[in-house]
Amino acid sequence: MKRTVPLLIAACCGVVLIITAFIPATVSWGETATVWFDILAAIAFVLGGGNLLKIHLKKVSDRAAGWAYSLITVLAFLITLTIGLTKWSVPPATDQERYGETFATLPLDDLPKSLTFTEQVDLDAKYAREELPDSVKRQLQLKQENDRIVSLIFRGWMKPGQAQELLAAHQNLEWQSAIESLAEKAAVPKSMRGKVIYHADHEVLSAAGVLTENGEKELLAMEASDNWDEAVRTLTEKTHRKTTFQLREIPAHFKIPEQFAGQVKLVDQSLELTGPLTPAMQNAFTNIFPRSRPMSKKDTKDFVQKVATLDGGLTKEQKQLFTALLGVSWNADQLIAVLDEAGKSKPVIKTYRELLKEKQSGVRELEPTKPSTAPDIKLNKQQIKFIRDNVDNQQYDLGNLAGDLKERGDWNTSQQQALGKFLQKAPTIGARNKLICLALTKGKSKLSDAQYSYLLEPYRVEHLWNGQIYDLLVKSHEVKYPWSGAYLQTGSPFWFAYEYAFKPLTATMFSLLAFYVASAAFRAFRAKNFEAFLLLGTAFIVLLGRTFAGAWLSSLVPDTLPMLRVENITIFIMSVVNTAGNRAIMIGISLGIVSTSLKILLGVDRSYLGSGED
Amino acid sequence: MGIAIIEKLASLDRRWIFLLMFLAVAIPILLELEFPEKPTLLAQDVFDEIEKLEPGDKVLLAFDYDPASEGELGPMATSFILHCANKKLKMYFLSLFPVGPQMVEDGITKVILTDFPDLVYGEDYVNLGYKPGYEGVIKVIMTDLRELYTTDARGQNIDQIPMCQDVENVQDMKLILNVSAGYPGSKEWVQYGATAYPDKVKMVAGVTGVQAPYMYPYVPKQLKGLLGAIKGAAEYETLVNEKYVEGEPKPEYREGVRRMGPQLIAHLLMIFLILAGNILFFLQKRIQRL
């Protein structure tokens, strides 16, 4: 039995794989067999590890010859296994941690009844027969009566991503209209939007930032059940956790953004934070550095001159490059074009319910959009003049531009957003100066320490500040999935072992071959007979042909005899002589494989099962 | 006297030979010796096969090697990525070697993150990581990628990665670019990939010097082009740099050519050693006859 079962497994897998090679319809059988092979192979890895321990520990225990090497092997194995499996000192994966959110455990069944949303529908039952998207499987129920879907029941709030997946699941207006209505009903209430959400896959109630007293009251009012109350109170408590962070340096112009003044306080050199730092806060805290903007000729000249007068000076080429780089920036015309484009009214996208209504009223060709009722807004002469006059005025704060343009003419939110995006695209002064430094030191050009310090100071301040805010983000965050990081995360012990032990050791072992081959070439590679002489001649040609020496020697060969060039002889040897020999060997091996495989499949050859003695 | 010298040379301590080999490799590295490379037909074929592709075409980059072979295969892997990134191809990386994903990450860091920061992970390139199972993996993913690859190397669901959503199997790739150090590697990709689906799957490979002779029989039908060892890498690298790199290429993009310097001197030393060994061998034989 002990030998029969493996024999049967091998025979079955082999036969299945042979069948799949000849019958395309059975390809999936082969895939399944191969996946099972993978699973068995994984188990073999574990057995291999056990066997390694057994053999080497016995050697150590018996103090057999070379036991110290065995001990090193066992220790290296155990250390690698431990730090790899436990992901020791590996930070959690940033894309799975949901920074800024705080979780409180709440099973799906404990959600308040008021968070169960129902949409009465009359849909074909075929939608219930098809699989729902993974993200909503646990929350959405399709209730059927008389072979029709009569209601869609959704538990918890529906996230925009879930709604999108459901809408995309079936390209049918009836379905999409129903989902659209359900998504509206199941959306987070306006007062709580962006502040709380329920993650059904994790079974947690989540809050972004601090859950305020009003927010807590609103949530508690949804249902009076112990589990719900506890989850809400836990969430409130957790989101009021205090974090104090000592700052090494504070940018001169830093002020706490008004909208976060209630959560963050700057006390001496420390930031005192209530709750976690959200990505929005992180963005607001780091987006404080001035961005590059058009410069007048005078400002450009002064800046270049300032750097040129510092210790080290600038060459003529450096000055020209410097001036050119400062000129590479956005300009007033580009900004005006962007704002005019943003001011144009955009067609409004119709809802699925509107489209369904049109379809039911007999419209044949449905248009997904309808014209906007809002008028087009174009910048007036005053606004354009204001932009032209001020964009290169370094004293003017571009943060006030939206307000100033609004005072001088028509202005809408779309233009406001476009202006914000446009200005954000420009690099900060620090980033710009860094690029200038790189460009000015390309090739043999150099800058002095004083010039580096002057140009890179804004970048140093920015880099240090952004790093501090990131550290605050991590410090104020409650780790949710400590094992989610990649085991080879840079700086982790496993990475260290790989980078500084495994990599150089394996490379060294491989490199040693060169020394042994050289020694063997001197001692063993002898032309003792005609065959050995042929082998030697071939080796010479191939060795020369694989380097520049072959091409150099071949330069002596006349162009009329290209076949005598060393590199061409090498190619001939490899692609004709070598190929012919290899093909013969491969055909022989293949025949051997067929014969051996048949013996294994039929149980004639059982040597792979072991001797059967133990 | 002469006999004594011959006997002494014949029984020369091998540590002298080790020292010679060390110097043959170290001196060209220190002097940064470089020689021009004239691409051979096989390297040109690899280059042309990638050139034929259109921007947005999908290519599978299977990096089946480890740090032991990095010296020989790293430069061609770098050039493959550089070429694909310049051609704006969609790059799908994977490996059948346990430490292959690190080789992939090294290549991504060296080329994409450094010189192509506009390429987006998940939209322009993706690292599918390592899967155990040797040729079994190739056999399965040739017909169903999701049977084995449910996530990428970072643990992200493959269905949430935009560039993976319309990929059913490896037959959807326009070309397989394999860098191989042994088993499983090019031979397996040829046998279970290119040969099994001759009308759909095209493949080029870069292999170690030891493997190259075994791959020649597959050229040109199953294998459209072949880069053999550092020589092949240097030739292909020259072609890529000539077409896509303006001015002097960065040292990272000249590694193949740079490593050919030590290779030339080491090969010449080997030839000298073989000749010297044989001369001594015949002299010894003559002395014995006397």
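Numbered from 1 within each chain, the chains take letters A, B, ... in sequence-line order. Side chains included, hydrogens not; waters and symmetry mates left out as well; all remaining heavy atoms used.
Across B:A24, B:P36, B:G155, B:A10, the residue that shares the most heavy-atom pairs under 4.5 angstrom with chain A is B:P36. With chain A as the partner, the residue from B:L20, B:D159, B:L275, B:V137 showing the most heavy-atom pairs under 4.5 Å is B:L275. The candidate from B:E37, B:Q102, B:E147 with the greatest count of non-hydrogen atom pairs under 4.5 Å with chain A is B:Q102. Counting heavy-atom pairs under 4.5 Å between each of B:I17, B:N278, B:V140 and chain A puts B:N278 at the top. When B:N157, B:I230, B:D144 are compared by the number of non-hydrogen pairs under 4.5 Å with chain A, B:D144 comes out ahead. Chain A forms the most heavy-atom pairs under 4.5 Å with one residue out of B:L269, B:V99, B:L268, and that residue is B:V99. With chain B as the partner, the residue from A:L40, A:T34, A:L543, A:V27 showing the most heavy-atom pairs under 4.5 Å is A:L543.
In the displayed structure, B:Y192 atom OH is contacted under 6.0 Å by at most 12 heavy atoms of other residues, nucleotides or ligands. Within a 6.0 Å radius of CZ in A:F77, more than 12 heavy atoms belonging to other residues, nucleotides or ligands are found. No more than 12 heavy-atom neighbours from other residues, nucleotides or ligands sit within 6.0 angstrom of NZ on B:K200. Other residues, nucleotides and ligands contribute at most 12 non-hydrogen atoms within 6.0 Å of the CZ atom of B:F272. Within a 6.0 Å radius of NZ in A:K137, more than 12 heavy atoms belonging to other residues, nucleotides or ligands are found. Heavy atoms from other residues, nucleotides or ligands lying under 6.0 Å from CD of A:E131 number 12 at most. For OH of A:Y481, the number of neighbouring non-hydrogen atoms (other residues, nucleotides, ligands) closer than 6.0 Å is greater than 12. No more than 12 heavy atoms of other residues, nucleotides or ligands shown are found within 6.0 angstrom of NZ on A:K434.
Residues of residues 256-265 of chain B that come closer than 4.5 Å to chain A, counting heavy atoms only, are B:M260, B:Q263, B:L264, ordered by residue number. Residues of residues 483-498 of chain A placed with any heavy atom under 4.5 Å of a heavy atom in chain B are listed by number as A:Y487, A:L488, A:Y498.
Contacts of B:D106 with chain A are made by side-chain atoms alone, with heavy-atom separations under 4.5 Å and no backbone atom involved. Contact annotation for B:V25: neither backbone nor side-chain heavy atoms come within less than 4.5 Å of a heavy atom of chain A. In this structure, chain A has no heavy atom under 4.5 Å from any part of B:A266. For B:E72, the part lying near chain A is the side chain, with the backbone staying farther off; criterion is any non-hydrogen pair under 4.5 Å. The part of A:R523 that comes within reach of chain B is its side chain, from C-beta onward, which places non-hydrogen atoms under 4.5 angstrom from that chain. For B:L9, the part lying under 4.5 angstrom from a heavy atom of chain A is the backbone only. The contact between A:F37 and chain B is made entirely by side chain atoms (from C-beta outward), counting heavy-atom distances below 4.5 Å. Only the side chain of A:I571 comes within contact range of chain B, judged by heavy atoms closer than 4.5 Å. With a 4.5 Å cut-off on non-hydrogen atoms, A:L536 touches chain B through its side chain but not through its backbone. Of the two parts of B:L148, only the side chain, counted from C-beta on, holds a non-hydrogen atom closer than 4.5 Å to a non-hydrogen atom of chain A. Residue contact with chain A, scored on non-hydrogen atoms closer than 4.5 Å, involves the backbone and the side chain of B:F22 alike.
With rounding to the nearest 0.5 angstrom, the CE atom of B:M270 is 12.0 Å from the CG atom of A:L544. Rounded to the nearest 0.5 Å, atoms OH (B:Y214) and CE (A:M586) are 11.0 Å apart. For the atom pair CZ (A:R526) and CG (B:L280), the distance works out to 7.0 Å, reported to the nearest 0.5 Å.
Residues A:Q96 and B:R154 form no side-chain contact, since every pair of their non-hydrogen atoms from C-beta on lies 4.5 Å or further apart. Counting only heavy atoms from C-beta outward, the side chains of A:F540 and B:H267 never approach each other to under 4.5 Å. Side-chain contact between A:N582 and B:Y216 is absent, with no heavy atoms from C-beta onward closer than 4.5 Å. Counting heavy atoms from C-beta outward, A:S575 and B:V219 have side chains that stay 4.5 Å or more apart.
Not one N or O on the side chain of A:R546 forms a donor-acceptor pair closer than 3.5 Å with the backbone of B:K231.
With sequence neighbours left out, B:T143 forms a side chain to side chain donor-acceptor pair (under 3.5 Å) with A:E31.
Minimum heavy-atom separation, A:F45 to B:P132: CE1-CB, 4.2 Å.
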N/O donor to acceptor pairs below 3.5 angstrom from side-chain atoms of residues 505-521 of chain A, sequence neighbours left out:
| unit_1 | atom_1 | unit_2 | atom_2 | d |
| --- | --- | --- | --- | --- |
| A:T506 | OG1 | A:F502 | O | 2.9 |
| A:T506 | OG1 | A:K503 | O | 3.1 |
| A:T508 | OG1 | A:P504 | O | 2.5 |
| A:S511 | OG | A:A507 | O | 2.6 |

* Trace of the side chain to side chain contact (heavy atoms under 4.5 Å, CB included) decision for B:L12 with A:F522 -> CA-CA 10 Å; B:L12 186 71; A:F522 182 64; 4.1 Å; yes
